[in-house]
Amino acid sequence: MILPRAFYDRPCLTVARQLLGKYLCIAGDEGVRAGRIVETEAYIHEEDLACHARHGPTPRARTLFGPPGHAYVFLVYGMHHCFNAVCEPQGSAAAVLIRALEPGNLPLRTDGPGKLCRALSIERSDNGRDLTAGDRIWIEDRGEARVIGLATPRIGVDYAGEWAKKPWRFVDPKSRWLSRKITFPNRPRRPPPSQ
DNA sequence: ATCCAGATGGTC
DNA sequence: ACCATCTGGATA
């Protein structure tokens with residue numbers, strides 16, 4: 001089932017959790033490519049100093065302020081794309097970044113936001129695309145059991161001060177395809193091999 | 001295992 | 001001047 005607009009028209013943290021275990025799909029020349037979502041992050045409103053909406057509805061951030069259920073795609077570090085699903089009602093600037101997929105039958109690795117965009121050929125021309133029309137990019141519910149997401153701080157936003165510490169990244173703890181391994185504090189390390 | 005420089009270009 | 005990343009090379 002293609003996720004309907006009502007799925008996205010809810011609080012960003014809810015959408016970020018519920019996207020775990022869903023399938024990001026794209027239709028291309030050689031059929032449909034899809035991967036299971038195992039890692040997400042929420043970016044929430046103008047006051048979130050890690051969110052691109054922090055400077056208001058600039059040309060880049062405009063789609064964040066638009067209606068839910070659309071793609072927000074941008075270029076980072078001059079070479080990688082990031083894919084987000086816009087959520088919450090129009091005028092409420094929030095989106096969920098998809099950070100990792102289980103590759104399934106995809107030929108390239110998808111354990112990172114830039115890598116998954118490359119594997120699915122998502123680029124800036126996909127910015128603003130309607131995710132509920134089912135014509136090129138959509139997200140599917142394939143009836144799997146609900147994933148209990150593990151919350152952690154977001155990656156790569158240390159510049160955002162207090163906002164960087166909020167536990168707004170969600171991972172499927174059973175997946176081996178996360179952009180970073182899950183680390184537990186004070187877990188003893190395996191000793192180096194002795195001769 | 002961890003650390004880090006460099007690539008590269010849009011955005012403010 | 002930054003930056004929601006990735007890769008390869010150095011080091012231990």
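Convention: sequence-line order gives letters A, B, ...; per-chain numbering from 1.
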Participant: Can a side chain N or O of A/Tyr77 be found less than 4.0 Å away from OP1 or OP2 on C/dC2?
Facilitator: no
Participant: Would you mind reading off the distance between A/Ile155 atom CD1 and C/dC6 atom P, rounded to a whole angstrom?
Facilitator: 11 Å
Participant: To the nearest angstrom, how far is A/Phe74 atom CZ from C/dC2 atom P?
Facilitator: 19 Å
Participant: Using only heavy-atom distances, decide whether a donor-acceptor pair under 3.5 angstrom links the side-chain of A/His52 to the base of C/dA4.
Facilitator: yes
Participant: Any chance you could measure A/Cys82, atom SG, to A/His52, atom NE2, to the nearest 0.5 Å?
Facilitator: 8.0 Å
Participant: Using the rule for Phe, Tyr, His and the six-membered ring of Trp, do A/Tyr43 and C/dA4 stack at under 5.5 Å and under 30°?
Facilitator: yes
Participant: NE2 of A/His55 versus P of C/dA1: gap in Å, rounded?
Facilitator: 17 Å
Participant: How many Å lie between OH on A/Tyr159 and C1' on C/dA1, as a whole number?
Facilitator: 14 Å
Participant: Over how many whole Å does the gap from A/Leu75 atom CG to B/dT8 atom C1' extend?
Facilitator: 9 Å
Participant: For A/Leu97, which contact category applies under a 4.0 Å heavy-atom criterion: base, sugar-phosphate, or nothing?
Facilitator: base
Participant: Is the terminal nitrogen or CZ of A/Arg62 (NZ for Lys, CZ for Arg) located under 6.0 angstrom from the six-membered ring centre of A/Tyr72 and within 45° of that ring's axis?
Facilitator: no
Participant: For the side chain of A/Arg124, counting heavy atoms from C-beta on, which of B/dG10, C/dT5, C/dT7 is nearest?
Facilitator: B/dG10
Participant: Output the rounded distance in Å from CG (A/Asn84) to P (C/dT5).
Facilitator: 11 Å
Participant: Name the nucleic acid region contacted by A/Arg154, choosing base, sugar-phosphate or nothing; use a 4.0 angstrom heavy-atom cut-off, strictly under.
Facilitator: nothing
Participant: So, OP1 or OP2 of C/dC6: does either fall under 4.0 Å of a side-chain N or O from A/Arg109?
Facilitator: no
Participant: What is the base-pairing partner of B/dG9, counting Watson-Crick and G-U wobble geometry with both distances under 3.5 Å?
Facilitator: C/dC3
Participant: Need one value for A/Thr58: base, sugar-phosphate or nothing, where a base atom within 4.0 Å counts as base even if backbone is also close, heavy atoms only.
Facilitator: sugar-phosphate
Participant: Under 4.5 Å between side-chain heavy atoms, counting indirect links through other Ile/Leu/Val/Met/Phe/Trp/Tyr residues: same cluster for A/Leu150 and A/Phe170 or not?
Facilitator: no
Participant: Can you check the A/Arg180 CZ to C/dT7 P distance for me, whole Å?
Facilitator: 13 Å
Participant: Please test A/Arg36 against A/Glu144 for salt bridge (charged side-chain N to carboxylate O under 4.0 Å, His left out), starting from the C-alpha separation and ending with a verdict.
Facilitator: CA-CA 11 Å; A/Arg36 182 174 176 271; A/Glu144 294 186 9; 2.9 Å; yes
Participant: Taking the minimum atom-to-atom distance to the side chain of A/Val157, which one of B/dC12, C/dT5, C/dA4 wins?
Facilitator: C/dA4
Participant: Give a yes/no answer on whether the side chain of A/Lys181 brings an N or O atom under 4.0 Å of OP1 or OP2 in B/dA1.
Facilitator: no
Participant: Can you tell me how far P of C/dA4 sits from CZ of A/Arg54, to the nearest Å?
Facilitator: 6 Å
Participant: Once you round to the nearest 0.5 Å, how far does CG of A/Leu120 lie from OG1 of A/Thr110?
Facilitator: 7.5 Å
